[in-house]
Engineer: 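Handing you this structure, nothing more for now.
Because the structure is a prediction, the values reported are computed rather than measured. Every chain is numbered from 1, with letters handed out A, B, ... down the list of sequences.
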Amino acid sequence: MLKIATYNINGINARLPVLLQWLQEAKPDIVCLQELKAPGERFPLAEIQAAGYQAVWHGQKSWNGVAILSRSLPIQEVGRSLPGDKDDVQSRYLEAVVGQIVIVCLYCPNGNPYPGEKFEYKLKWYKRLTAHAKKLLAHDVPVILIGDYNVMPTTLDVYKPEKYVNDALFRTEVRAAFDGLLKQGWTDAIRHLYPEETIYTFWDYFRRAWERNAGLRIDHFLISPHLRDRLSRGGVDKHVRGWEKTSDHAPVWIELK
DNA sequence: ATGTCGCTCATGGAGCGA
């Protein structure tokens, strides 16, 4: 059994006690982290290693930043930029072979406010991701695209869909881009396991969103066709969102046979 | 518009992104 998790930690140094506590109790084999909000040299490698994990990371000062952790399987980094725009300097992509699986850690652009430059950047980023995802599928090896997609795929994934019609996380253009990935053959693992349930992975810090369960499902695992039959369980470690000094996201995980 | 966080700059908060 292989347990793979994703967690937008919103600042790895501010979040380190929470991250270590969760690693200790959840014991995932592989973890994708987003929003490190730290340059490469400020990644807390010693503490991560002391917790029993190897790591590769792609940091950036102030914003973004992604990492892949592994407990026992070796990690071999194979890429740290999403192909298609060599002028894009934002650290939102990290690709590695972990054991026998290609693990892609993603932090898709937020895109707000809509309309605007940031929204256009998000759409372009999704175009690049779609092109690259197609190539990954063509390699015909097990791949998982993991991370914060900054999109709620359906109305089931938003506490109040009507409030989000002009939000960059729910605009039809972005949902269509996500749908395009599914049409390529990727499977939204959590939705596959729970076709009907309301599941959230993010609760805003604002307006007592956590207390009101005003949540969004924006952290996803897209698994390649090879892995669909190996998918056994999945869930959200929702209680972590209730901890002190916690992220606005909760960790999400799946298990593969 | 607002709310709350985390980060940076080079302050003793302000501005930005989410």
Side-chain angles (χ1 to χ4, degrees), chain A residues 6-22 32-45 47-48 57-67 82 88-93 105-126 129 146-153 157-171 173-175 177-178 200-220 236-252:
Chain A
T6 184
Y7 189 15
N8 179 323
I9 48 174
N10 188 18
I12 192 164
N13 288 300
R15 206 69 60 221
L16 197 55
V18 166
L19 174 63
L20 296 176
Q21 178 68 36
W22 168 72
C32 290
L33 299 175
Q34 302 86 33
E35 278 205 89
L36 304 180
K37 289 185 166 181
E41 65 272 18
R42 293 210 55 217
F43 185 85
L45 181 61
E47 290 88 342
I48 299 283
W57 63 94
H58 184 190
Q60 182 180 332
K61 191 165 73 171
S62 304
W63 321 120
N64 311 315
V66 285
L82 178 61
D88 186 356
V89 295
Q90 301 191 28
S91 301
R92 299 180 173 278
Y93 187 89
C105 180
L106 302 171
Y107 175 47
C108 302
N110 175 295
N112 275 312
Y114 169 85
E117 276 179 29
K118 288 179 180 175
F119 187 73
E120 295 307 312
Y121 170 68
K122 182 176 194 173
L123 293 184
K124 281 184 199 149
W125 203 93
Y126 260 96
L129 177 62
I146 305 169
D148 179 356
Y149 281 75
N150 269 315
V151 61
M152 296 80 88
D157 304 312
V158 197
Y159 69 99
K160 211 172 256 191
E162 66 275 16
K163 289 188 77 118
Y164 279 82
V165 288
N166 281 323
D167 190 286
L169 279 66
F170 200 53
R171 282 286 308 173
E173 299 93 323
V174 180
R175 291 170 61 192
F178 187 84
Y200 300 141
T201 66
F202 166 93
W203 296 260
D204 213 309
Y205 287 128
F206 300 166
R207 308 182 208 89
R208 298 175 43 81
W210 168 245
E211 289 79 356
R212 297 186 293 119
N213 195 30
L216 309 171
R217 190 175 74 95
I218 56 178
D219 300 278
H220 310 297
V236 180
D237 287 338
K238 199 175 164 179
H239 64 286
V240 175
R241 180 61 181 81
W243 290 355
E244 290 295 315
K245 297 283 288 177
T246 201
S247 172
D248 41 5
H249 295 247
V252 190

Engineer: Whole angstrom is fine here: how far is it from CD in A/E35 over to P in B/dG17?
Structural biologist: 13 Å

Engineer: Do A/D88 and A/Y121 pair up side chain to side chain, a donor and an acceptor below 3.5 Å, judged on atom types alone?
Structural biologist: yes

Engineer: With the side chain of A/A14 defined as its heavy atoms from C-beta on, choose the nearest nucleotide among B/dG17, B/dC7, B/dT4.
Structural biologist: B/dC7

Engineer: Identify the two heavy atoms, one from A/G147 and one from A/Q34, that lie closest to each other, and give their separation to 0.1 Å.
Structural biologist: CA-NE2, 3.5 Å

Engineer: Taking the C1' atom in each of B/dA10 and B/dA14, what is the distance between them to the nearest angstrom?
Structural biologist: 12 Å

Engineer: At what distance, to the nearest 0.5 angstrom, does CZ of A/F178 lie from NE2 of A/H220?
Structural biologist: 4.5 Å

Engineer: Is there a side-chain contact between A/W57 and A/V66 in this structure, where contact means two heavy atoms from C-beta onward sitting under 4.5 Å apart?
Structural biologist: no

Engineer: On DNA chain B, nearest-nucleotide positions of A/F206 versus A/I12: which is more 5'?
Structural biologist: A/F206

Engineer: For the rings on A/F202 and A/Y159, is their centre-to-centre separation under 6.0 Å?
Structural biologist: no

Engineer: Over how many whole Å does the gap from A/N10 atom CG to B/dC16 atom P extend?
Structural biologist: 18 Å

Engineer: Rounded to whole angstrom units, what separation is found between the CH2 atom of A/W63 and the C1' atom of B/dC5?
Structural biologist: 11 Å

Engineer: Between B/dG6 atom P and A/D204 atom CG, what is the distance in whole Å?
Structural biologist: 13 Å

Engineer: Within the 4.0 Å heavy-atom criterion, would you say A/Y107 contacts the bases, only the backbone, or no part of the nucleic acid?
Structural biologist: sugar-phosphate

Engineer: Going by heavy atoms in the side chains, are A/S247 and A/V18 under 4.5 Å from each other?
Structural biologist: no

Engineer: What's the CD-C1' distance between A/Q90 and B/dA18, to the nearest Å?
Structural biologist: 13 Å

Engineer: Roughly how many Å is it from CZ in A/F119 to P in B/dA18, rounded to a whole number?
Structural biologist: 14 Å

Engineer: Nearest heavy-atom pair of A/R15 and A/T246: which atoms, and what distance?
Structural biologist: NH1-O, 3.4 Å

Engineer: Quick one, give me the B/S/- string for nucleotides 8-13 of chain B, reading 5' to 3', where B means a protein heavy atom under 4.0 Å from the base and S means that only happens at the primed atoms, P, OP1 or OP2.
Structural biologist: SS----

Engineer: State whether the number of non-hydrogen atoms from other residues, nucleotides or ligands found under 6.0 Å of A/E162 atom CD is greater than 12.
Structural biologist: yes

Engineer: If we take the P atom in both B/dT2 and B/dT8, what is their distance in whole Å?
Structural biologist: 26 Å

Engineer: Is the closest side-chain donor-acceptor distance between A/K37 and A/N10 under 3.5 Å?
Structural biologist: yes

Engineer: Counting any heavy atom closer than 4.0 Å, what does A/R15 reach on the DNA or RNA strands: base, sugar-phosphate only, or nothing?
Structural biologist: sugar-phosphate

Engineer: How far does the C1' atom of B/dG15 sit from the matching atom of B/dT11, given to the nearest Å?
Structural biologist: 12 Å

Engineer: What is the separation between atom OH on A/Y205 and atom C1' on B/dT4, rounded to the nearest whole Å?
Structural biologist: 8 Å

Engineer: Does the side chain of A/R92 reach to within under 4.5 Å of the side chain of A/P109, using non-hydrogen atoms?
Structural biologist: yes

Engineer: For DNA chain B, what residues of residues 236-250 of chain A have any heavy atom nearer than 4.0 Å?
Structural biologist: A/K245

Engineer: Write down the distance between NZ (A/K163) and C1' (B/dT2), rounded to a whole number of angstrom.
Structural biologist: 11 Å

